[in-house]
Amino acid sequence: MTPHLSIFVCETFAPEVKAVVEQEGYPDVSVEIFPLHCGSPIMSTMNLLEQMQTSSSHSTHLHYIGSSCFQIQKESPKLPEFVSLTPLSQCFDILIPSQLTSSLIHQRNYLVSSGWLPSFKQQIQGWGFDDTTAKLFFGETSENLLLVNTGLSNETETLLEEASRFIGIPYSTIDLGLSHCRLLIKGIVMEWRFLQERDATARQLKKITRESADYSMAFNQISLLAQLSDEKKIKERIAEMIQLLFAPARAFFIPEGSDSKNPPEELFSNSMGLAKGDCENASFAIQLIENDKNNGRIDVVCVSFPEYLGYYQKLSPILGKIFGLVLSNAGKYETIREHEKLLQISSLELTKLNATKDKFFNIIAHDLRSPFNSLLGFISLFLNDYDDFTDEEKKDFIRRIQGISKNTFRLLENLLDWARAQSGDFQVSPDSISLRQLILDNVDIFAPGASKKNIRLLAGSHQDIDIFADRYSIDAVIRNLINNALKFTNQGGEISFAFQQEGKMAICSVTDTGIGIPPLMAEQLFRIDSQVKRPGTAKESGTGLGLILCKEFVEMNGGEIWVESEEGKGSTFSFSVPLVDGP
Ligand code: ADP
């Protein structure tokens, strides 16, 4: 509604007030007249309001100027905000300064205006006076009938003369013009306009404050959003922001070119917002933009305060740019992360390959070379001095050559198995195997070596378990574990075997009463990139390859290998393999 001010004034002063409004050219101000009320019972504020409201339905503000004809109560009942008052101590204060009014009345003047004169007879008779009583009354109260002339009417002189005759007192005129009335009306209009401006500014300020609070909240959320790189988390944060900003019932993420492969995704759904039927004018879309390119949209459905829809729509382009950017960045981050992961795997594989290669060359250059050196040395000594040796010495030479050859052969076998496992050529062909039998066969093989070192091999009397594994590789594992146990156990020691079922796996252990393994070394036993090689208790040599091969073989069969050891007391190496009806 356009702001409009209605000024209410008594008909006595209406010509002057109207003239001022007209001369000043106020398009937003009109003058409303109420009938002269002097001598009638005083009207209450309620009556006044009623009268004002019925006569000015087009106005946004009502202003009353008057004095004792209405009982103006500022406080009770409280005036509505659209009503204001200019209470005067005397009616004529509209036309002349209050002090002058008082002084003129004090000099026994009866003041009249040009607006009063045309109906003077009705007014006086309305108070209950006739010709005679009027003369009596005025004769007693006043000495002069004084017209406050503002220069608006030409007929006033005749009317004044007539009135003077009627009430029986002389008359005179005081010419004051419109300046006082103009000042009063200007003041009222200016004050009203100022308050209008102030209210509009306050409303604007409130709106701006609300908007800036929303923006700062949005930017705070956005700064949190920018710290994320995970698409799922970004969508969760976007959903939170949309709930905070728009309080809708639902929101959907609709990817660009959405189809069955890329369907719309519900970001959230709750009991907020309007009922479904009222959603038509309470929903809007945030177009996601990345590099000036459409990147899908977010549908915000059924906001709680549809009256702010216009404002939400104004906010949505900037949100669309930010959401679009972070979502597309998340996709890029995802690719980078995948590449990083692949790189990490490749780098680990490369390290392992490098370590494997180093180990391989080390073994060939050192562990395989030195037994051959010994063999060649023995053989040339044997050949050169063959005739000088006794038969017993010759046998001893051959035994030594046999021992070295056996060890070297074992090393070669391990090396070959390992090389095949590394190249991926080694295929496990699992079969049902009796674990007890496998251990007994190996106990038989190692018995001579054990008795040489005076070590007891205790096969135990466990109930047999059938495992489902590759015979060759599991045999190699048991062989290596017994060989190590013998190598690192002193004369008079013991090596025992145990096996049991645990779920769908069999656990097989080889325990010795040997020198044990320091904890730091135990952590590195099964790693290709570490060096844990030690000579045995009888100076037996090793390669540091056996346990790595064991781990490889056990894992190929679907099991695990581990060690428990205490320095100086002994070690237990255990591994698991699937049972026949295992996984
Ligand atoms: P190798 O025995 O040929 O050196 P392994 O890989 O079989 O290579 O063993 C690596 C190292 O682990 C050994 O050199 C030794 O230090 C330690 N080790 C293995 N088994 C035992 C054991 N039963 N008792 C003590 N130490 C052991």
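Nothing here was measured: the structure is a model prediction, and the numbers come from that model. Residue numbers count from 1 along this sequence. Atoms within a ligand are numbered from 1 in the order they appear, just like the ligands themselves.
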Numbering as shown, the atoms of ligand 1 that approach [X] to under 4.0 Å (heavy-atom distance):
| X | value |
| --- | --- |
| Gly516 | 25 (C) |
| Lys533 | 4 (O), 14 (O) |
| Lys487 | 1 (P), 2 (O), 3 (O) |
| Leu545 | 6 (O), 8 (O) |

So which protein heavy atom does [atom] come closest to, and at what separation?
| atom | result |
| --- | --- |
| atom 4 (O) of ligand 1 | Gly544 N, 3.0 Å |
| atom 3 (O) of ligand 1 | Thr543 N, 2.8 Å |
| atom 11 (C) of ligand 1 | Val532 O, 3.4 Å |
| atom 16 (O) of ligand 1 | Arg534 NE, 2.8 Å |
| atom 19 (C) of ligand 1 | Asn484 ND2, 3.5 Å |
| atom 24 (N) of ligand 1 | Phe488 CB, 3.4 Å |
| atom 17 (C) of ligand 1 | Leu525 CD2, 4.0 Å |
| atom 6 (O) of ligand 1 | Leu547 N, 2.8 Å |

Decide whether the shortest distance between a heavy atom of [X] and an atom of ligand 1 is less than 4.0 Å.
| X | answer |
| --- | --- |
| Ile517 | yes |
| Ser571 | yes |
| Gly536 | no |

Which heavy-atom pair separates Ala285 from Ser316 by the least distance, and what is that distance?
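Closest approach of Ala285 to Ser316: O-OG, 3.9 Å.
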
When you look at CZ of Arg456, are more than 12 heavy atoms from neighbouring residues, nucleotides or ligands closer to it than 6.0 Å?
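No, CZ of Arg456 has 12 or fewer neighbouring heavy atoms, counting only those of other groups under 6.0 Å.
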
If you measure every N or O of Gly546 against every N or O of ligand 1, does any of those distances drop under 3.5 Å?
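Among all N and O atoms of Gly546, at least one is under 3.5 Å from an N or O of ligand 1.
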
Mind running side chain to side chain contact (heavy atoms under 4.5 Å, CB included) on Lys232 and Glu236 for me, showing each step along the way?
CA-CA 6 Å; Lys232 193 170 156 250; Glu236 281 170 9; 3.9 Å; yes

Is ligand 1 under 4.0 Å from a heavy atom in the side chain of Asn480, in the backbone, in both, or in neither?
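No part of Asn480 is near ligand 1 at this cut-off.
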
For [X] and [Y], take the angle between the two ring planes, folded into 0 to 90°, and tell me which bin it lands in: parallel under 30, tilted 30 to 60, perpendicular over 60.
| X | Y | value |
| --- | --- | --- |
| Phe397 | Phe389 | tilted |
| Phe499 | His462 | tilted |
| Tyr308 | Tyr311 | perpendicular |

Do you know which of Arg534, Lys487, Lys453 makes salt bridge (charged side-chain N to carboxylate O under 4.0 Å, His left out) with Glu540?
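The salt bridge (charged side-chain N to carboxylate O under 4.0 Å, His left out) with Glu540 is passed solely by Lys453 among Arg534, Lys487, Lys453.
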
Between CD1 of Ile286 and CD1 of Ile242, what distance do you get to the nearest 0.5 Å?
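Output value for this atom pair is 4.5 Å.
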
Nearest 0.5 Å please: distance from the CG atom of Leu525 over to the CD1 atom of Ile517.
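Between atom CG of Leu525 and atom CD1 of Ile517 there are 5.0 Å.
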
Test side chain to side chain contact (heavy atoms under 4.5 Å, CB included) on Glu392 and Asp396; report intermediate values, then the result.
CA-CA 6 Å; Glu392 203 39 49; Asp396 190 48; 5.6 Å; no

State, with a plain yes or no, whether a side-chain heavy atom of Leu327 is found less than 4.5 Å away from one of Ile234.
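Result yes, sub-4.5 Å side-chain heavy-atom pair found.
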
